[in-house]
Structure formats: C-alpha cells, structure tokens
Amino acid sequence: MSDLRVRFAPSPTGYLHIGGARTALFNYLLAKQQQGTFVLRIEDTDVERSTQESVDAILDAMDWLGLACDEGPIYQSDRFDLYRQKVQQLIDEGKAYRCYCTSEELDAKREAAMKEGRKPKYDGTCRDRSDQPDAPYVVRFKLPTDRDETTFDDRIKGPITFKHDELDDLIIQRTDGTPTYNLVVVIDDAEMGINLVIRGDDHVNNTPRQVLLYEALGYAVPEFAHVPMILGADKKRLSKRHGATSVMAYQEMGFLPEAMVNYLVRLGWSFGDEEIFSMADLIEKFSLENVGRAAGVFNPEKLLWLNSHYVKTGDAERLAKLLVPFLEAKGLNVNDGPDMVAVVKTLQERAGTMVEMADGAAFYFTDVIEYEEKAKAKFLTADKKDLFATLVAELEKCEVFNEAALEAAFAVIMEKTELKFGKIAQPLRVALTGGTASPSIYHVLEVLGKDVALQRIKAAVTALA
RNA sequence: GUCCCUAUCGUCUAGCCUGGCCCAGGACACCGCCCUUUCACGGCGGCGACGGGGGUUCGAAUCCCCCUGGGGACGCCA
C-alpha cells in the first residue's frame with residue numbers, strides 16, 4: 001500500500017462525458033498501479049444545478065467502465081459546516097473579507113474592462129472597508145501580497161508560473177452562504193489527504209489560486225497533473241454537436257467498455273507502438289510521463305476499430321449475455337431461437353458493435369423470413385425450383401448438421417445440380433437469412449438446425465417468382 | 001483583449017530530455033492486390049507529416065529565439 005491518494009471529482013450536472021471518463025481512468029490506473037487510494041467525490045456545491053439523477057448516471061458509467069473507487073462517493077453538500085468554518089477562519093485571520101458589491105455592479109465592471117482590453121478582475125472595492133452594512137455579501141479571499149508570483153510544477157506540463165497581478169480576490173462564499181468551487185476543492189483535497197490531483201487542462205488557470213488557498217489554510221500543497229482536453233474533428237472542444245459525448249451513449253450504441261477504456265487511454269497516452277491494452281496491462285504500464293501535452297481529437301473511427309477487435313476476440317459466452325438486450329430492443333424473442341453462444345460465434349468477426357451484431361443475428365430469431373427486395377429478385381427465381389428440391393432432398397438425409405456432414409451433402413448437391421458452390425450458396429443464403437450477406441452458409445445451417453433450415457427452404461420455394 | 005498551455009502523416013502517436021541510427025516508425029481511415037460461397041476477417045502493398053523564419057552546430061524533427069496556428073481560462077459554474 002503506497003500513500004498515493006488520488007480522486008475523481010465530477011460535478012453532477014449531467015452525464016459522465018468522454019473527457020471526464022478519461023481523467024477518472026487516469027486516476028484509477030495510477031491508484032491501482034501504486035496500490036494507492038482512489039477517492040470519488042461529488043462536487044455538488046451548486047445546489048441549483050446538481051441532481052441525483054446525474055450522480056446515478058455518473059456512477060453507472062464508472063461502473064460500466066470498471067472504475068471502482070476505494071473511498072466515496074463523498075458529497076460536498078454534506079460538508080458545508082466544514083467549509084463555513086474554514087471561511088470564518090480565513091476572515092478571522094484577515095485573509096478573507098466581506099464584499100458587498102452586487103453581481104450587477106461586477107458584471108458591469110467586467111464588461112467595461114473587457115471592452116477596454118484590460119484583464120477583467122475585481123478592483124478591490126471592499127477589500128479595506130471596515131464597516132459592516134446590513135446587506136447581502138460574498139466572502140472574498142484576499143490575494144496574498146508577500147510575493148508577486150506563484151509557481152507549481154505540473155507532472156505533465158512542467159513548471160507553470162502566474163504573476164499575481166493576473167489574479168484577483170476570488171469569491172469563496174456566495175451571498176446565500178454556500179462555498180464556491182475553488183475553496184471547497186482545496187479544503188476537500190487537503191482534508192482527504194489527496195496528494196496528486198489529476199484533472200482536466202481547463203483547471204490550469206485555477207491552480208495558482210488554489211495553491212494560495214492551500215497555503216492560507218495551512219495545508220500541504222499536492223502535486224498536480226493536468227491532462228489535455230479532448231477536441232472534436234473541427235478542433236473545437238468536444239461537445240454534443242460532434243456526436244455522442246456521454247459514455248453511456250456508447251454503451252447503448254453497442255460498444256464494449258474495454259474498447260472505450262483502451263481508446264480513451266490511447267488518446268493522449270502511448271506506450272511505444274502498442275495499441276491494444278487490457279485494464280491489467282494499463283495498470284502495469286500507464287505513466288503520467290507518457291501522457292502528451294497537447295489536446296487530442298476524438299476519433300470515433302478508431303474507437304470502432306478497437307471495438308471490433310474486442311468483439312472479435314471477446315469471450316462468446318459473455319458477448320451472448322450482452323447481446324440479449326440488443327436483440328430484445330429489436331423486438332425479437334430470444335427464447336425460442338438457436339443457442340445464443342453459437343449465434344455469437346458466427347457473428348464475432350463481422351460485427352463492429354453489439355448493435356451490428358444484433359442486426360446480423362436478427363434472422364436467427366425470426367419465424368418468417370422477410371426477403372430483401374433485391375435479393376429475392378435475383379436469387380429466388382422460378383428456375384431455382386430444382387435446386388431447392390435437391391437441397392431439401394439431400395439435406396433431409398443428413399442426420400446431423402455439422403460442418404463435415406454438410407460438406408458431404410453439398411458435394412452431392414453440386415454434382416447432381418452441376419452447379420458451382422457459389423451458385424447454390426447464394427440462393428440458399430437468401431432462403432435462410434433473407435439477404436445476401438451472412439455468416440458462412442455451413443455455420444448458418446448448423447446453428448439454425450435441420451428443422452428450421454428445411455422449413456425455411458420450403459418457405460422459399462413457395463416464394464419463388 | 002489579457003494570461004496560461006500547446007505544435008510530427010487527415011486523426012491518435014513513436015522519435016525530441018541524452019543532436020547523427022530518421023530523405024521520420026506504428027496505428028485508425030483511405031486506395032490497390034491476394035484469400036474467398038456472400039458479407040466480413042486476414043495477408044501484402046500504396047498514399048501521407050517534422051507549421052514558418054532566424055540562429056547554435058561539421059550535422060537539428062531533436063537545442064535557443066521570433067512569428068503563426070490551435071486549445072484553455074478570465075463566473076456569486078465546476
């Protein structure tokens with residue numbers, strides 16, 4: 001057990017998105033690798049926007065990805081007393097003060113500053129006032145003046161320095177008495193003993209303020225590792241308009257969690273020329289040193305490729321279980337079809353996602369085959385009558401439907417009909433599956449079984465044009 | 001606008017710290033060929049990048065500077 005303590009701290013204002021999942025994953029991997037502790041904290045200080053529904057969605061997604069936490073979830077909304085106490089401490093020590101400026105005034109000043117090309121910062125109006133008007137107030141943290149810059153050494157980006165005149169007195173407590181993000185994140189990370197903060201790039205600018213807060217509160221400053229953002233194909237920050245950004249949306253689209261994990265980790269991290277990593281590999285091989293510093297573009301195509309890899313190589317029993325809901329979503333009755341594992345095995349190398357697999361498996365579970373228009377027109381023609389008759393006659397003779405028996409039967413059929421294999425297989429495929437693309441014809445026959453197969457061939461004869 | 005970060009094929013990246021092994025390697029996508037009962041899988045091959053300009057050096061993708069591009073932050077959101 002090492003003393004590494006990391007955390008993932010999402011705010012429950014929506015689903016777990018791709019970017020969040022990746023930072024959660026990085027945290028998880030490092031914790032497991034160093035036998036440290038992975039804490040999950042729910043940042044719900046914004047009472048207005050936080051919902052239990054979002055918390056559940058985030059928990060579900062982490063569960064799906066296999067990112068179990070060691071501690072938590074801890075809710076910040078349960079800890080308001082602690083935060084108030086710390087705010088009071090800062091006020092008592094003269095490190096924070098009440099500010100009576102209204103948000104309207106602040107907005108106006110900010111806008112004016114922007115317009116003049118100045119950095120929009122708080123002008124310190126209330127910083128030195130000694131009166132205590134009977135009016136709503138926020139509490140601001142007094143920017144320390146004992147030095148004029150703050151530096152931290154980012155584990156991914158290296159040393160980063162901010163001049164204090166870029167900073168201002170930030171609000172740590174709102175008018176309604178609730179604490180703000182920059183304060184609580186510091187208190188919680190410190191109180192929870194977090195010694196390495198791995199989070200999104202977008203927090204770099206908050207970090208110097210937080211360092212100052214750690215110092216003001218007498219806490220040890222943790223290490224930081226800021227991971228780059230994920231962008232869409234247009235190099236803009238990844239958002240809904242680029243497609244699905246919710247992790248669980250990918251589950252619904254038929255992606256496997258191991259593919260998502262593999263994809264996410266490779267976006268911005270590499271290990272030589274290797275592409276395929278299991279969670280166990282990652283726990284062994286992941287390191288912050290190999291995380292890139294630049295933002296990366298989310299590439300659904302590569303995710304798909306990884307997914308087909310995992311579908312192809314995955315355990316059929318497991319995939320069979322996963323496939324059921326996708327089949328049911330198509331309104332298919334999975335109870336009176338062929339053996340599900342056998343079905344999966346015929347489809348593994350031809351399906352990119354579980355949705356595709358369900359599409360490809362549909363014919364196994366339908367009583368009445370609906371023929372594709374073109375397929376029917378091309379292959380279910382009147383001249384196929386003899387062929388199908390021979391097919392029925394010879395297949396009837398097979399005692400078992402296995403590859404060896406079927407091959408023997410087809411040898412006879414080819415001889416009797418004087419047709420090449422392809423000329424027989426395609427019409428038969430249409431009869432059996434309704435279309436021209438399917439798993440190997442022997443496998444289809446075998447999985448369907450003698451009774452169903454013959455029944456379908458006979459039905460096709462009736463449908464001959 | 002100001003500040004912070006960043007920059008190798010279309011995309012993810014190796015290489016950069018410790019200059020020469022790199023007229024830059026792998027993967028996805030794309031194209032072609034092969035395999036083949038369909039669709040796929042697979043195999044083989046191809047296309048394709050060091051953003052620009054200055055330095056330093058015998059020699060730079062690798063070190064330094066400038067420019068440009070991209071991202072982020074600037075909230076009583078997190």
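Reminder, nothing fancy here: chain letters follow the sequence lines and each chain counts from 1.
- Side-chain N/O atoms of A/R293 include one lying less than 4.0 angstrom from OP1 or OP2 on B/A7.
- Proximity of A/R350 to the phosphate of B/G42: no side-chain N or O atom is located under 4.0 Å from OP1 or OP2.
- Comparing the C1' positions of B/C4 and B/C12 gives a spacing of 25 Å, expressed to the nearest Å.
- Across B/U37, B/G1, B/A7, the shortest atom-to-atom separation from the side chain of A/R429 is found for B/U37.
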Worked check of side-chain contact (heavy atoms from CB on, under 4.5 Å) between A/T433 and A/I369: CA-CA 7 Å; A/T433 72; A/I369 297 293; 5.9 Å; no
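- If you check B/C5, B/A73, B/U38 against the side chain of A/R237, the one that comes closest is B/A73.
- Look at the P atom in both B/G71 and B/C64: the space between them is 25 Å, to the nearest Å.
- Here, B/G46 and B/C65 have their P atoms 39 Å apart, quoted to the whole Å.
- Base pairing annotation: B/G48 forms no Watson-Crick or G-U wobble pair, as no partner gives both donor-acceptor distances under 3.5 Å.
- For B/G48 and B/C3, the P atoms lie 41 Å apart once the distance is rounded to whole Å.
- Separating the CE atom of A/M260 from the C1' atom of B/C12 is a distance of 15 Å, rounded to the nearest angstrom.
- Map A/Y263 and A/D46 each onto its nearest nucleotide of RNA chain B; the residue landing nearer the 5' end is A/Y263.
- For A/D273 against B/G25, a side-chain N or O and a base N or O form a donor-acceptor pair under 3.5 Å.
- Scanning atom types as modelled, one donor and one acceptor separated by under 3.5 angstrom connect the side chain of A/T175 and the base of B/C76.
- Mapping A/Y181 and A/W269 onto RNA chain B by nearest heavy atom places A/W269 at the nucleotide closer to the 5' end.
- The partner of B/C33 is B/G43, by the rule that a Watson-Crick or G-U pair needs both atom distances under 3.5 Å.
- In terms of phosphate contacts, A/T45 brings a side-chain nitrogen or oxygen within less than 4.0 Å of OP1 or OP2 of B/A78.
- The nucleotide whose nearest atom lies closest to any side-chain atom of A/L267 is, among B/C41, B/C12, B/C3, B/C12.
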side-chain hydrogen bond (donor to acceptor under 3.5 Å, both in side chains) assessment of A/R174 paired with A/T178: CA-CA 5 Å; A/R174 304 182 182 94; A/T178 59; 2.8 Å; yes
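- With a 3.5 Å ceiling on both atom-pair distances, the Watson-Crick or G-U wobble partner of B/G10 is B/C28.
- For the P atom pair drawn from B/C9 and B/A49, the interatomic distance equals 9 Å after rounding to whole Å.
- Nucleotide B/G20 forms a Watson-Crick or G-U wobble pair with B/C58, both donor-acceptor distances falling under 3.5 Å.
- Of the candidates B/U2, B/C76, B/U6, the closest approach to any side-chain atom of A/L106 belongs to B/C76.
- One finds a side-chain N or O of A/R110 lying less than 4.0 angstrom from the OP1 or OP2 phosphate oxygen of B/G75.
- With P as the reference atom, B/C50 and B/U62 are 12 Å apart, rounded to whole Å.
- In terms of phosphate contacts, A/K163 brings no side-chain nitrogen or oxygen within less than 4.0 Å of OP1 or OP2 of B/C3.
- The distance between atom NE2 of A/H242 and atom P of B/G71, rounded to the nearest whole Å, is 10 Å.
- At B/C3, none of the side-chain N or O atoms of A/K121 fall inside 4.0 Å of OP1 or OP2 (strictly under the cut-off).
- Regarding A/H226, its NE2 atom lies at a distance of 15 Å from the C1' atom of B/G71, rounded to whole Å.
- To the nearest whole angstrom, the two P atoms, one in B/U13 and one in B/C58, are 36 Å apart.
- Comparing B/U38, B/A14, B/C76 against the side chain of A/I171 picks out B/C76 as the nearest.
- Dashed line: the shortest gap from a side-chain N or O of A/R209 to OP1 or OP2 of B/C3 is not under 4.0 Å.
- Taking only side-chain nitrogens and oxygens, A/K235 comes nearer than 4.0 Å to OP1 or OP2 of B/U11.
- Pairing of B/C74, defined by two Watson-Crick or G-U wobble distances under 3.5 Å, is identified with B/G1.
- Remark: the A/N206 side chain and the B/A73 base include no donor-acceptor N/O pair separated by less than 3.5 Å.
- Picking from B/G10, B/C5, B/U38 the nucleotide with the shortest atom distance to the side chain of A/N299 gives B/G10.
- Nucleotides B/G70 and B/G51 have their C1' atoms positioned 11 Å apart, rounded to a whole Å.
- In the interface, the side chain of A/E349 is not paired with the base of B/G42 through any donor and acceptor atom under 3.5 Å apart.
- Listed nucleotides B/C28, B/G26, B/A78 differ in distance to A/H203; the shortest reach to its side chain belongs to B/A78.
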